[in-house]
*Asks:* 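First the structure, which I've put down as structure tokens, then a few questions once you've had a look.
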Amino acid sequence: MNDPKKIMKFRKSGDEIKALIVNAATRVVMERGAARMTLADVATEAGISKGGLLHYFSSKDDLIRAMIAAGLESFEEKTMAMVAADPTAGSYLRAYITTSFPAEGADDIAAAMIAGIASDIELLAEYSAENAKWSDRLEKDGLDYFYAQVIRLAVDGLYFSEAIGLPQFKPEDRKAFLQRLLSMTRLEKPEEHS
């Protein structure tokens with residue numbers, strides 16, 4: 001049962017409440033997995049009633065769509081801020097790697113994406129549009145496009161493996177792998193192998 005003192009001590013805007021719910025849903029998914037996320041659990045985590053949650057999100061799919069949108073928006077903001085601070089070739093790819101694997105731990109977007117995929121494959125539409133945008137940016141990043149895509153696909157592979165609970169490396173090897181990918185973004189030309 002919710003503690004009445006925890007439920008809205010002061011009036012919040014609709015957008016603030018939606019953000020509160022989305023953040024709570026992301027925590028629930030990261031803790032228990034997408035398949036076990038219920039609206040009741042999210043409401044409890046957010047400190048609101050289930051009816052209050054349903055006022056803002058009429059279904060689990062609506063909530064998952066909001067999680068995906070919030071995750072993509074956060075990723076965009078962080079990545080583009082890093083690019084603005086580093087105008088050299090490969091800056092977008094370095095920002096993509098760093099934002100995908102922040103030092104403090106997994107980003108929220110993985111939980112949102114896995115939740116979306118688990119509930120409805122059509123929810124990938126928004127992610128697909130972002131994916132096309134990321135590829136377009138790699139073409140203008142100052143590195144060989146296919147070389148950059150190889151690095152990006154390695155990042156995505158590790159990211160989604162970890163998101164579904166299949167870690168590929170011991171912690172020290174994971175760190176070395178990410179450092180290697182970052183260093184590869186600073187090469188003028190990829191090495192030719194015969």
Side-chain angles (χ1 to χ4, degrees), residues 1-82 95-131 133-134 155-169 171 174-175 178:
M1 187 140 170
N2 293 331
D3 179 354
K5 293 177 186 172
K6 285 179 83 177
I7 299 176
M8 313 292 172
K9 283 189 175 184
F10 54 91
R11 200 110 171 102
K12 293 185 180 189
S13 73
D15 287 343
E16 290 173 321
I17 296 170
K18 284 181 180 180
L20 176 83
I21 294 168
V22 167
N23 290 336
T26 301
R27 287 191 302 275
V28 169
V29 168
M30 292 175 85
E31 219 173 80
R32 301 176 198 155
R36 295 180 31 209
M37 179 183 87
T38 68
L39 294 179
D41 289 341
V42 172
T44 300
E45 181 70 22
I48 63 173
S49 68
K50 186 175 174 186
L53 183 150
L54 289 170
H55 174 75
Y56 293 97
F57 299 102
S58 62
S59 69
K60 186 175 176 178
D61 281 350
D62 284 347
L63 178 55
I64 290 170
R65 281 186 190 93
M67 291 170 68
I68 292 170
L72 290 171
E73 184 178 323
S74 172
F75 185 84
E76 175 79 3
E77 288 171 6
K78 291 173 188 174
T79 302
M80 296 316 291
M82 292 179 76
Y96 188 93
I97 295 166
T98 304
T99 305
S100 294
F101 298 100
E104 65 273 8
D107 202 354
D108 301 346
I109 193 171
M113 290 305 306
I114 298 304
I117 293 166
S119 66
D120 185 349
I121 200 73
E122 290 177 17
L123 294 175
L124 278 176
E126 192 167 340
Y127 179 79
S128 181
E130 291 295 307
N131 189 53
K133 181 170 66 178
W134 299 332
V155 170
D156 288 352
L158 179 60
Y159 185 84
F160 283 105
S161 289
E162 290 180 355
I164 63 170
L166 295 174
Q168 300 300 311
F169 298 110
R174 178 186 185 270
K175 185 176 180 178
L178 293 172

*Asks:* What verdict does the side-chain hydrogen bond (donor to acceptor under 3.5 Å, both in side chains) test give for Tyr56 and Asp15, after you've listed the backbone C-alpha separation in whole Å, the side-chain angles of each residue and the deciding distance to 0.1 Å?
*Replies:* CA-CA 9 Å; Tyr56 293 97; Asp15 287 343; over 6 Å; no
*Asks:* Partners of Glu130 by side chain to side chain donor-acceptor pair (under 3.5 Å), sequence neighbours excluded?
*Replies:* Lys133
*Asks:* Could you tell me if the side chain of Phe75 sits less than 4.5 Å from the side chain of Trp134, heavy atoms only?
*Replies:* yes
*Asks:* Can you confirm whether Lys60 sits close enough to Met37 that some side-chain heavy atom of one is under 4.5 Å from a side-chain heavy atom of the other?
*Replies:* yes
*Asks:* Show your reasoning for whether side-chain hydrogen bond (donor to acceptor under 3.5 Å, both in side chains) applies to Thr38 and Asp41.
*Replies:* CA-CA 5 Å; Thr38 68; Asp41 289 341; 3.1 Å; yes
*Asks:* Counting C-beta onward and ignoring hydrogens, is there a side-chain heavy-atom pair between Phe57 and Val22 closer than 4.5 Å?
*Replies:* yes
*Asks:* Per the side-chain contact (heavy atoms from CB on, under 4.5 Å) rule, which among Ile17, Ile21, Leu20 passes with Leu53?
*Replies:* Ile21
*Asks:* Ignoring hydrogens and geometry, is there a side-chain-to-backbone donor-acceptor pair from Glu16 to Ser13 under 3.5 Å?
*Replies:* yes
*Asks:* Could you give the distance from CE (Met67) to CG (Asp61), rounded to the nearest 0.5 Å?
*Replies:* 11.5 Å
*Asks:* Taking all non-hydrogen atoms of both residues into account, name the closest pair between Ser58 and Asp62 and its distance.
*Replies:* OG-OD2, 2.5 Å
*Asks:* Are Leu158 and Phe101 close enough, and set up right, to give a side-chain contact (heavy atoms from CB on, under 4.5 Å), and what steps lead you there?
*Replies:* CA-CA 10 Å; Leu158 179 60; Phe101 298 100; 3.7 Å; yes
*Asks:* Counting C-beta onward and ignoring hydrogens, is there a side-chain heavy-atom pair between Tyr96 and Asp156 closer than 4.5 Å?
*Replies:* yes
*Asks:* Pair Ile64, Val29 - check side-chain contact (heavy atoms from CB on, under 4.5 Å), show working.
*Replies:* CA-CA 10 Å; Ile64 290 170; Val29 168; over 6 Å; no
*Asks:* Does the side chain of Val155 come within less than 4.5 Å of Leu178's, by heavy atoms?
*Replies:* no
*Asks:* Nearest 0.5 Å, what's the CG-OG distance between Leu39 and Ser59?
*Replies:* 7.5 Å
*Asks:* Of all heavy-atom pairs between Leu63 and Ala25, which one has the smallest distance, and what is that distance?
*Replies:* CD2-CB, 3.8 Å
*Asks:* Do any N or O atoms from the side chain of Thr99 and from the backbone of Ala95 form a donor-acceptor pair under 3.5 angstrom?
*Replies:* yes
